[in-house]
Participant: 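Would you mind keeping the following structure in view while I ask a few things?
Numbers restart at 1 for each chain; the letters A, B, ... are given by sequence-line order, proteins then strands.
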Amino acid sequence: MPFMKDSSFSQAVWRITKEIPLGKITTYAQIAQALGRPKSARAVGNALHKNPYAPIVPCHRVVKSDGNVGGFFGGKSAKKKILRSEGLKIVKDKIANFQSLIHTFKAKNNF
DNA sequence: CATATGACACTAT
DNA sequence: AATAGTGCCATAT
């Protein structure tokens, strides 16, 4: 629904998530920081959970701070599958070399 | 307006 | 290393 106005916070989350390059990942905390709210990692997760642009926004490239894949609408299994199809290696629900694959954003406070 | 919830993070155990 | 408790923030009810 194009008329529905979502909170500026959520829109910012989706916009940032869309910028994650193929083959890379980021954490909920990173997104929160990019928004100028380093402690809003949880809220970021909520925004992604409610994201209406499911296939457009690569929410599957957003993982937990410790490399665990975290949650997903279709379950962790689905998320892991997609990530593997993008060239990422996953071992025991964690991203291999995850530290070096994290994509960091430039803090953009424009909501 | 008050309380509960969740796709998180950090620290202590 | 794995688990549990605590903090935090945006929504839902």
Side-chain angles (χ1 to χ4, degrees):
Chain A
M1 309 37 204
F3 340 111
M4 167 191 210
K5 269 207 303 193
D6 295 286
S7 70
S8 149
F9 180 81
S10 304
Q11 289 190 41
V13 172
W14 304 327
R15 183 160 47 90
I16 289 190
T17 303
K18 244 189 311 190
E19 295 179 8
I20 306 175
L22 181 70
K24 283 207 152 189
I25 58 178
T26 196
T27 70
Y28 297 90
Q30 280 297 328
I31 296 177
Q33 272 188 21
L35 293 173
R37 277 142 182 80
K39 309 189 170 178
S40 311
R42 215 168 196 173
V44 170
N46 280 339
L48 287 176
H49 186 214
K50 300 164 78 66
N51 125 356
Y53 307 101
I56 295 85
V57 175
C59 28
H60 50 274
R61 295 184 194 144
V62 185
V63 301
K64 286 198 164 187
S65 188
D66 62 350
N68 195 296
V69 296
F72 198 58
F73 70 95
K76 300 187 302 185
S77 339
K79 191 166 181 175
K80 292 194 298 185
K81 198 172 178 182
I82 299 176
L83 287 172
R84 286 200 298 148
S85 75
E86 297 197 345
L88 294 164
K89 293 167 273 180
I90 302 185
V91 183
K92 288 182 163 58
D93 291 16
K94 308 243 182 191
I95 312 286
N97 306 323
F98 129 91
Q99 279 288 354
S100 41
L101 292 169
I102 296 182
H103 175 75
T104 52
F105 306 91
K106 300 194 69 168
K108 46 181 79 170
N109 291 35
N110 19 333
F111 271 55

Participant: Hey, can you tell me if Phe72(A) and His60(A) have their rings parallel, tilted or perpendicular (30° and 60° cut-offs)?
Facilitator: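 Perpendicular: the ring planes of Phe72(A) and His60(A) meet at over 60°.
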Participant: Please write out the pairs of protein N or O atoms and N or O atoms of nucleotides 11-13 of chain B separated by less than 3.5 Å, giving the distance to one decimal.
Facilitator:
none

Participant: Under a 4.5 Å cut-off applied to non-hydrogen side-chain atoms, are Ile20(A) and Ile25(A) in contact?
Facilitator: no
Participant: Check each residue of residues 18-48 of chain A for a non-hydrogen atom within less than 4.0 Å of any atom in DNA chain C, then write out the ones that pass by number, or none.
Facilitator: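 Arg37(A), Lys39(A), Ser40(A), Arg42(A), Ala43(A), Asn46(A) - these, ordered by number, are the residues of the stretch whose heavy atoms sit under 4.0 Å from the strand.
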Participant: Just the rounded figure in Å: distance from P of dA4(C) to CG of Asp66(A).
Facilitator: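 Rounded to whole Å, this separation is 16 Å.
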Participant: Below 4.0 angstrom, which residues in residues 81-89 of chain A have at least one non-hydrogen atom near DNA chain C?
Facilitator: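 None, since no heavy atom is under 4.0 Å.
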Participant: Roughly how far, to the nearest 0.5 Å, is the CG atom of Leu48(A) from the OH atom of Tyr28(A)?
Facilitator: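 If we round to the nearest 0.5 Å, Tyr28(A):OH and Leu48(A):CG are 6.0 Å apart.
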Participant: Looking at Lys80(A), I want to see if its NZ is surrounded by more than 12 non-hydrogen atoms of other residues, nucleotides or ligands under 6.0 Å.
Facilitator: yes
Participant: Looking at Lys79(A) and Val62(A), would you say the former's side chain and the latter's main chain have a donor-acceptor pair under 3.5 Å?
Facilitator: yes
Participant: Looking at every non-hydrogen atom in both residues, tell me the closest pair between Ser65(A) and Thr27(A) and how far apart they are.
Facilitator: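 Looking at all heavy atoms of both residues, the closest pair is CA-CG2, 4.0 Å.
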Participant: Lys64(A) has an atom NZ; how far is it from atom P of dG6(B), in whole Å?
Facilitator: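 It works out to 14 Å between those atoms.
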Participant: So, for His103(A) and Thr26(A), which heavy atoms are closest and what is the spacing to 0.1 Å?
Facilitator: O-OG1, 3.0 Å
Participant: CZ of Phe9(A) versus P of dC8(C): gap in Å, rounded?
Facilitator: 16 Å
Participant: Let me know the distance between CZ of Phe73(A) and P of dA7(B), rounded to the nearest Å.
Facilitator: 13 Å
Participant: CG of Asn68(A) versus P of dT3(C): gap in Å, rounded?
Facilitator: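 Rounded to whole Å, this separation is 11 Å.
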Participant: Within the structure, does a side-chain N or O atom of Ser10(A) lie under 4.0 Å from either OP1 or OP2 of dA10(C)?
Facilitator: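 No, no such contact exists.
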Participant: Of all the heavy-atom pairs spanning Lys64(A) and Phe98(A), show the shortest one and how long it is.
Facilitator: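 Nearest pair, atom of Lys64(A) first, then Phe98(A): O-CE1, 3.9 Å.
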Participant: Where do Gly23(A) and Leu101(A) come nearest, in terms of heavy atoms and distance?
Facilitator: O-CD2, 3.9 Å
Participant: Please state how far atom NZ in Lys50(A) lies from atom P in dC9(C), giving the value in whole angstrom units.
Facilitator: 19 Å
Participant: Work out which heavy atom in Ile16(A) is nearest to a heavy atom in Ala34(A); give both atom names and the distance.
Facilitator: CD1-CB, 3.7 Å
Participant: Under 3.5 Å, side chain of Thr17(A) to main-chain N/O of Cys59(A), donor-acceptor pair present?
Facilitator: no
